[in-house]
Amino acid sequence: LWPENGKIVHKNLLRLVYPLETGKKHPLTVTVTTDSISAETNGVKATVPVPDMFETFYTGVTACEGLCRFYNLETK
């Protein structure tokens, strides 16, 4: 979600499509820095530059293809 014209809007900035083995847990690591967000699973990493990163924000996972099978969410 990003601010645009005084409103918060959803933007699809990155989409990766690659196979994952079914029936197996795949750790997803997300790293937020002052100017980017990176996501990595099974050695595949993607980084999106965010030059105007928010100072505070909410975190979560959206899984919109099939059943959502996220087991837990930890923050550090």
Side-chain angles (χ1 to χ4, degrees):
L1 300 177
W2 304 93
E4 189 173 282
N5 298 323
K7 297 180 180 179
I8 300 297
V9 296
H10 177 267
K11 289 188 178 184
N12 250 336
L13 299 178
L14 177 70
R15 192 178 294 189
L16 293 175
V17 178
Y18 59 94
L20 290 173
E21 185 180 338
T22 59
K24 180 179 174 187
K25 293 182 182 179
H26 303 277
L28 171 66
T29 302
V30 177
T31 304
V32 179
T33 66
T34 57
D35 63 355
S36 69
I37 299 174
S38 298
E40 180 175 5
T41 186
N42 293 352
V44 177
K45 182 177 181 179
T47 301
V48 176
V50 184
D52 53 352
M53 180 67 73
F54 296 109
E55 287 187 31
T56 61
F57 50 87
Y58 295 97
T59 187
V61 176
T62 300
C64 57
E65 298 294 332
L67 295 175
C68 178
R69 296 182 190 245
F70 288 98
Y71 293 91
N72 60 31
L73 176 67
E74 297 176 18
T75 60
K76 296 179 183 178

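Predicted model, so just to flag it, every value in this text is computed and none were measured.
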Minimal heavy-atom distance between Ser36 and Met53, with the atoms involved, is O-CE, 3.5 Å
Only pairs under 3.5 Å count here: list side-chain donor-acceptor contacts from residues 21-32, not counting sequence neighbours, and write none if there are none.
from  : atom 1 : to    : atom 2 : distance (Å)
His26 : ND1    : Asn42 : ND2    : 2.7
His26 : NE2    : Glu21 : O      : 2.8
His26 : NE2    : Lys24 : O      : 3.3

Residues forming a side-chain hydrogen bond (donor to acceptor under 3.5 Å, both in side chains) with Thr41, sequence neighbours excluded
none
Please list, chain by chain and in numerical order, all residues satisfying side-chain hydrogen bond (donor to acceptor under 3.5 Å, both in side chains) with Asn5, sequence neighbours excluded.
none
